[in-house]
Protein chains: 2
Amino acid sequence: MPRKPTLAQVAALAGVSKMTASRALRDAGDVSASARDKVQAAAQTLGYVGDRVATALSAKTTNLIGVVVPSLSNIVFAQVLAGISDGIADSGLQPVFGITGYDSDTEAALLRDMLSWRPAGLIVTGLDQPDATRALLRQAGVPVVQIMDIDGDPVDGCVGISHDAAGADMARALLAAGRRRIGYVGAHLAHDTRAAKRLAGFRAALADAGTALVASRLTGAPSSVASGRDLTATLLSHHPDLDCIYYSNDDMAIGGLFHCQSAGLDVPGQLMIAGFNGLDLVESLPVGIATTVTPRHEIGRRAAQMIAAAAPAVSLARVSLTPRIVLPGQTPRNRPLGGTRS
Amino acid sequence: MPRKPTLAQVAALAGVSKMTASRALRDAGDVSASARDKVQAAAQTLGYVGDRVATALSAKTTNLIGVVVPSLSNIVFAQVLAGISDGIADSGLQPVFGITGYDSDTEAALLRDMLSWRPAGLIVTGLDQPDATRALLRQAGVPVVQIMDIDGDPVDGCVGISHDAAGADMARALLAAGRRRIGYVGAHLAHDTRAAKRLAGFRAALADAGTALVASRLTGAPSSVASGRDLTATLLSHHPDLDCIYYSNDDMAIGGLFHCQSAGLDVPGQLMIAGFNGLDLVESLPVGIATTVTPRHEIGRRAAQMIAAAAPAVSLARVSLTPRIVLPGQTPRNRPLGGTRS
DNA sequence: AATGGTACCGATACCGGTATCGATACCAAT
DNA sequence: ATTGGTATCGATACCGGTATCGGTACCATT
């Protein structure tokens, strides 16, 4: 079985040295037109494809950029990945994805593994890694961008939104819309620290207004439409007088809406439903729900650009983006810049 | 700035040769207990992490398994990826993902790039790559598993379902449920060849029953809830007497359902809606829609296992899995094995 | 004491590229 | 003819590991 052709074979066929062949194929200088043509012809006939592993070993770095996200079952991260692809367009970088499943041990192992491939940079979700992981990232010697969240202390650069402020802003918006008996339905708060921050901000803003959550239902399982539906059913059976429910995200909120539709409740008249993320799906729903539209694509794009632009050992900036709130029956508007608590 | 410690430095600190240090850290034989301890201690104090690039160059292969999917905005592929993670658990393999955006040039570039990293195997979506890409895969010298589809000619192994049969089966199921005036709404058929195969099978089964689609609406854009909703609105405005619509997938179908809810149509009484995939979301909908539940997780798992088990240069099997059809108000049942057309 | 076997270790040669720097050829300027 | 400069090329030395194979020690046999 014919082994993969190597640069040496291409060079031999072209009648030049390995070095000249290497230069010709990379468009580096110092190669005559005739030599270049011969090398390219030889590479063509042999079907030569370069070996990145060898190049990486020689060049001491790769064109890989490691991307670590907690999950892909939430479409949000898929859109972040799309943004990353956009951000590195024609920079020659190549993203490599890893999924942690919201588990910090998995995350640490994944990062270690990625670092052993000498990536050109790392994009990591969230700011709340354990200390050992933070140390790993700091020592790595590659640019690190943490995404989604800015409420905390980044290892290097970060780009995202303030979830604390997002929760507080939603609380104020719902109060301003006249809602007073507000409940909460959430999932996975022990692992999804950003959802927890939103809830904290939401609660704080309610307290500032002299009120509080009437009731809440939580599950330790990952968020899903199904659990949103179930938890809403039990919450409403105990507290039928709620006029608003805030959910940990849109998936849960949509599940809540589906329960209300099945139960014949008037949404948003009788009960307002508020989620988080601003999924495309939300715009197509037959009835309006409130949500916070987050710039997911933009987050990915900016993060990737930061990596692409990072000269080695340059420290990166903190980029804060602003989400906007949408309430039912209302054209999207810009979010008023509420006070940031953190 | 202190450079990354190398094996040579570890060996020096431990007072042994590079080779002994290498053996000690890999648990290869021929190392005394005392030497092993010294090396491990040295590695510990230096914070040594191996360099996969160097190992890969030396060992002529990697633990990487390249996975190419068309999109992640469809949750389906996220679930396939989860299945892949399951399938390679504790095999030491590491998946690397690439997204083609349903573009065959991007796909070819991606595959070329992945191959230049000498992966241990490749998992590619679909069977309908252009000839040049097929040639690339065949020559690659690594095990290739094509997933999702089995209607065609695999390069090596494949695991998936027959989309042609799935479409035909749904047509028969809808006819058996008494539907006669059937329309179709689809997206992206030029790129999503599997959706096109389902439609072909669907049409053929209708023809076998002596009937045909009443009307259809197509878009070249990727499938989405929003376009499902819009296309349904226009289709029904021209053909208000339809009693069933088949969609290219569940996302489109859910959009259709949302239109019907807004328009006050009785679903499924007046109009039955049929999608494809069996998304979790479908089970939580307030009204029932028909769908074909596909074994996405299983497809990913099996594909990964095939790669993990593939001795070099072993040819792989074709694995055909069966989806099942669910109709509204009906408990899930196994799909009767309809005749396969291809 | 000579022989053989086992356990452990290290020098050396790669893997497939690229950086570096010194050669060579050729033409223009002096 | 000599000098200097430019364009082109190739020999060599790595990059950081691992495979291979030939030592060396040391103990058990004969």
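To find a chain, count down the sequence lines: A is the first, B the second, and so on, and within it residues start at 1. Both backbone and side-chain heavy atoms feed into the values below; hydrogens, waters and symmetry mates do not.
- Rounded to whole Å, the distance from NZ on Lys60(B) to P on dA19(D) is 12 Å.
- The strand DNA chain C forms stems, runs of 3 or more Watson-Crick or G-U wobble pairs with distances below 3.5 Å, at C:1-30 with D:1-30.
- Checking Thr100(B), Ile99(B), Asp103(B) one by one against Leu110(B), the side chain to side chain contact (heavy atoms under 4.5 Å, CB included) holds for a single residue, Thr100(B).
- Between Tyr48(A) and the phosphate of dG16(C), there is no side-chain N or O to OP1/OP2 separation shorter than 4.0 Å.
- Across the interface with DNA chain D, nearest-nucleotide mapping of Leu7(B) and Ala33(A) shows Ala33(A) to be the residue nearer the 5′ end.
- To the nearest angstrom, P of dT18(C) lies 12 Å from CG of Leu57(B).
- On a pure distance criterion of 3.5 Å, a polar donor-acceptor pair joins the side chain of Ser58(A) and the base of dG17(C).
- Screening Ile123(A), Leu81(A), Val67(A), Ile307(A) for a side chain to side chain contact (heavy atoms under 4.5 Å, CB included) with Pro95(A), the sole residue that qualifies is Val67(A).
- Regarding contacts with the backbone of dC9(C), a side-chain N or O of Ser32(B) is found under 4.0 angstrom from either OP1 or OP2.
- Taking atom CG on Asp27(B) and atom C1' on dC8(C), their separation rounds to 16 Å, with Å as the unit.
- Within residues 15-23 of chain B, the residues that place at least one heavy atom under 4.0 Å from DNA chain C are, in residue-number order, Val16(B), Ser17(B), Met19(B), Thr20(B), Arg23(B).
- In this structure, Arg118(A) reaches the sugar-phosphate backbone alone: every heavy-atom distance under 4.0 Å involves primed, P, OP1 or OP2 atoms, never a base.
- Atom P of nucleotide dA7(C) and atom CZ of Arg36(B) are separated by 15 Å, given to the nearest angstrom.
- Per the geometry, CZ belonging to Arg52(A) stands 11 Å off P belonging to dT18(C), to the nearest Å.
- By the 4.5 Å heavy-atom criterion applied to side chains, Val159(B) and Leu321(B) are counted as neighbours.
- When heavy atoms are screened at a 4.0 angstrom cut-off, Val53(A) is found touching no nucleic acid atom at all.
- At the heavy-atom level, Asp30(B) lies under 4.0 Å from base atoms of the strands shown.
- The nearest pair of heavy atoms linking Gln146(A) to Asp156(A) is OE1-N, 4.2 Å.
- Aromatic ring pairs are classed by plane angle as parallel below 30°, tilted from 30° to 60° and perpendicular above 60°; the pair Phe97(B) and Phe97(A) is parallel.
- In this structure, Ala54(B) and Val31(B) both approach DNA chain C, and ranking their closest nucleotides by distance from the 5' end singles out Val31(B).
- Going from atom CG of Leu25(B) over to atom P of dA19(D) covers 14 Å, rounded to whole Å.
- Between the CD1 atom of Ile147(A) and the OG1 atom of Thr125(A) there is a distance of 4.0 Å, given to the nearest 0.5 Å.
- Salt-bridge annotation for Arg23(A) and Asp30(A): absent, with no side-chain N of the basic residue lying under 4.0 Å from a carboxylate O of the acidic one.
- Minimum heavy-atom separation, Pro119(B) to Val142(B): O-CG1, 3.4 Å.
- Within the 4.0 angstrom heavy-atom criterion, only backbone atoms of the sugar-phosphate kind lie near Ala35(B); the bases stay farther away.
- Between Asp113(B) and Arg52(A) there is a salt bridge, with a side-chain nitrogen of the basic residue lying less than 4.0 Å from a carboxylate oxygen of the acidic one.
- Comment: Asp51(A) does not engage Lys4(A) in a salt bridge, judged by the lack of any side-chain N to carboxylate O separation of less than 4.0 angstrom.
- For Arg26(A), counting side-chain heavy atoms from C-beta on, the closest listed nucleotide (dC9(D), dT18(C), dG16(C)) is dT18(C).
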